[in-house]
Amino acid sequence: MSQSIMSQSILQTLSVHLGTAFSAINLPAEYGRVTISDKSAPFQCNGAMAAAKLAKKSPRDIAALIVQRLAGNTDIALAEIAGPGFINLTPSDILLKSRIDDLAVDARVGAIKADVLEKIVVDFGGANVAKPMHVGHLRSAVIGEALKRLLRFRGHTVIGDVHLGDWGLQMGHLISELQEEQPDLIYFDAGVKNGYPEDSPVTMTDMSRLYPQASAKSKNDPERLKKSQIATAELQAGRPGYRALLEHFIRVSIEYLKKGYGELGVEYDLWKGEASVDPLIGGMIDAMKAQGITEESDGALIIPVDDNYDMEKRKGIPPVMLRARTGAVLYHTTDLATLLDRKNEINPDLILYVVDQRQATHFEQVFRAAVKAGWYKRTQLEHLGFGTVNGKDGKPFTTRAGGVLKLSDLTEMMRTAAAERLEKSGIGQDFGSVERADIANKVGMAALKFADLQNQRTTNYVFDVERFVSFEGKTGPYLLYAAVRIKSLLRKASKAGVEPGEIIPLHQAEQRLVLTLDGFNRALASAEAKRMPHILCDHVYTLAQAFSKFYADCPVLADDVPNDLKSSRLALAALTLRQLELGLNLLGIETPERM
RNA sequence: GGUCCCGUAGCUCAGGUGGAUAGAGCGCAAGAUUCCUAAUCUUGAGGCCGGUGGUUCGAGUCCACCCGGGAUCACCA
């Protein structure tokens with residue numbers, strides 16, 4: 001379906017009119033750009049002041065000429081000059097009506113696709129093999145999923161990849177610690193080359209015990225650390241027993257992670273990891289050497305990425321470490337091999353990494369090396385960093401005991417709080433236990449995700465459990481509540497035989513709701529451009545607010561409301577629900593039928 | 001020391017590409033339900049936008065320099 005510029009949005013339509021008016025007095029149409037206003041009218045144009053110098057006229061004179069040109073325009077109810085030359089604009093009822101008619105029949109409720117459609121890899125999640133998911137994994141999963149859905153909805157081809165951490169020292173820790181506990185396992189018999197059992201020798205619980213155990217021992221015991229390092233090197237060199245173990249570790253972990261991510265509504269297209277690109281590393285390093293972009297330094301193989309780097313003074317960006325003195329391959333190397341793999345297998349236009357802001361330097365290094373190798377342009381690679389989740393003390397979030405908070409404990413906390421709130425309100429008493437649990441889950445997850453996503457991505461935020469479970473104000477449950485009220489209204493209307501009809505926005509609250517609905521596409525486009533889900537959060541919240549106001553001011557099914565008004569308001573409510581649920585879905589938030 | 005991020009209401013945060021009297025939520029004060037879910041709505045108090053200069057008709061927004069907080073800086077991932 002092709003959409004004319006005129007119907008893209010009310011704001012766009014007004015901009016075209018103002019642009020035409022500026023052109024008519026021989027000034028660039030760009031000065032006609034209209035913006036949202038929080039003053040006396042819903043929109044304003046500030047171009048008269050900007051144009052003053054060029055036109056050699058006073059801003060107010062220019063504004064007067066523009067306003068003259070707009071006289072008789074059926075899309076504009078009122079154009080007023082204010083202050084030094086602001087033009088305040090009120091759209092006409094005709095324009096509101098025509099726009100809401102367009103939205104009502106649009107399956108995407110006003111959202112149009114991006115101009116340029118790209119193939120995009122979103123690398124998010126950041127989970128590691130053998131480690132339980134904890135609070136630190138929350139943001140990458142939630143933000144990454146939202147971006148993935150947003151970009152896909154905007155028309156792009158999007159591939160989500162979890163990119164598991166399964167190749168480093170942690171694997172050596174795990175293998176060597178398992179050997180200390182169960183030295184007789186067949187995997188440790190260097191003479192055996194194949195025919196290993198199909199069932200894993202360890203469970204997820206075992207692994208989450210073994211790893212910290214080994215890590216703790218190694219901290220104070222260089223000999224123990226050495227064992228892990230040797231195991232790592234042997235694994236990477238391809239020792240069959242260790243590779244067989246790794247496969248078990250990965251399989252068991254993925255099964256566990258799928259559950260954990262599933263709880264958050266997070267899904268991946270690819271479950272690749274560092275280990276999966278191992279076969280590329282040898283050839284990649286040879287090719288890089290042949291290109292002449294590598295150097296030997298202190299026994300390690302590096303790629304300098306900053307001409308002004310000075311190791312003594314710690315100035316500039318350190319080089320990429322392709323291979324350590326020990327011969328082991330590092331984080332840099334696997335990330336580069338992954339970039340090569342993606343180039344070969346997917347050839348994406350853009351790769352987005354949704355990873356902790358603290359790794360900014362790492363990505364800058366890797367990206368520069370990938371550019372040096374000629375695989376990508378710098379603009380094709382973006383690190384979308386995010387801040388840490390902090391406790392009330394401003395330090396990264398921990399449990400009361402000071403330990404790491406498991407993600408499953410966190411989600412359980414949210415569900416319990418939601419269930420309690422449900423009980424307290426006394427509404428869900430006639431619901432079955434299955435539905436109550438489902439509602440508690442959706443409310444809890446909505447609270448958790450919205451609390452995370454509404455923060456600007458790049459900054460740290462404070463995780464305040466009490467605030468999160470309060471469920472009032474700018475929260476996920478507020479949004480669900482708005483949606484659920486509409487659903488309830490629709491059910492009641494259907495019972496009463498009231499059909500949605502033509503929308504005629506007359507009441508101030510109705511008009512405000514229409515103007516808010518009109519902003520959906522703008523929010524989506526802006527959220528995409530900045531890769532910032534909180535812009536979409538802002539929109540759905542404003543929408544829920546505008547609806548709540550409408551709901552309080554404009555009775556729909558009351559006896560004294562005329563039939564056509566009932567139908568109009570019902571249709572407006574139904575339209576609001578469609579956009580609200582769509583927006584929430586893009587944020588990864590599900591709506592219950594009632595709550 | 002180098003690089004990056006941050007500093008806006010008592011608290012947690014927005015601020016659409018430089019515009020008028022800087023906005024939300026929580027908290028505080030006061031109010032609203034004969035009527036579609038009060039997890040709601042309305043009203044109010046609360047600000048030298050870290051500081052000083054600069055660019056501009058106009059700066060929370062752009063530039064420079066300070067002050068304060070955080071992250072990170074080659075063989076962990």
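Lettering of chains follows the sequences in order, A, B, ..., and the numbering in each one begins at 1. What's counted below: heavy atoms across the whole structure, side chains too, no hydrogens, waters or symmetry copies.
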message: Whether Arg594(A) engages the ring of Phe431(A) as a cation-pi pair (distance to the six-membered ring centre under 6.0 angstrom, angle to the ring normal within 45°) should be assessed.
response: yes
- request: Return the stacking result for A20(B) and Phe86(A): yes when the ring centres lie under 5.5 Å apart and the planes under 30°, no otherwise.
  value: yes
message: Suppose you measure atom P in A24(B) against the same atom in G47(B); what distance do you get, rounded to whole Å?
response: 16 Å
- request: Take the protein atom CD1 of Ile535(A) and the nucleotide atom P of U17(B), then report the distance between them rounded to whole Å.
  value: 12 Å
field: Lys492(A): partners by side-chain contact (heavy atoms from CB on, under 4.5 Å), with sequence neighbours left out
entry: Leu557(A)
message: Is there a side-chain contact between Arg358(A) and the phosphate of C73(B), meaning an N or O under 4.0 Å from OP1 or OP2?
response: no
- request: Check the side chains of Ser58(A) and Asp61(A) for a donor-acceptor pair under 3.5 angstrom, ignoring hydrogens and angles.
  value: yes
- prompt: Which comes earlier along RNA chain B counting from the 5' end, the contact point of Ser425(A) or that of Phe550(A), where each point is its nearest nucleotide?
  reply: Phe550(A)
- prompt: Can you check the Asn455(A) CG to C26(B) P distance for me, whole Å?
  reply: 16 Å
- request: Would you kindly give the NE2-to-P distance between His362(A) and C75(B), to the nearest whole Å?
  value: 14 Å
query: Do the side-chain N or O atoms of Tyr309(A) get closer than 4.0 angstrom to the phosphate oxygens (OP1, OP2) of G2(B)?
result: no
- prompt: Between Glu364(A) (CD) and G2(B) (C1'), how many Å, whole number?
  reply: 14 Å
message: For Watson-Crick and G-U wobble pairs within 3.5 Å on both distances, what is RNA chain B written in dot-bracket notation, | included for inter-strand pairing?
response: (((((((..((((.....[...)))).(((((.......))))).....(((((..]....))))))))))))....
query: Considering the options His173(A), Glu177(A), Lys217(A), which one meets the side chain to side chain donor-acceptor pair (under 3.5 Å) requirement together with Ser228(A)?
result: His173(A)
field: Earlier contact from the 5' end, RNA chain B, for Lys492(A) and Leu169(A)
entry: Lys492(A)
task: Select base, sugar-phosphate, or nothing to describe what Gly316(A) touches, counting heavy atoms under 4.0 Å on all strands.
output: sugar-phosphate
task: Using whole Å, report how far CD of Gln545(A) lies from C1' of U42(B).
output: 13 Å
query: Could you state the interatomic distance from CZ (Phe43(A)) to OG (Ser15(A)), rounded to the nearest 0.5 Å?
result: 9.0 Å
field: Length of the NE2-P vector between His173(A) and A77(B), whole Å
entry: 10 Å
statement: Met311(A) atom CE is separated from G1(B) atom P, nearest whole Å, by 21 Å
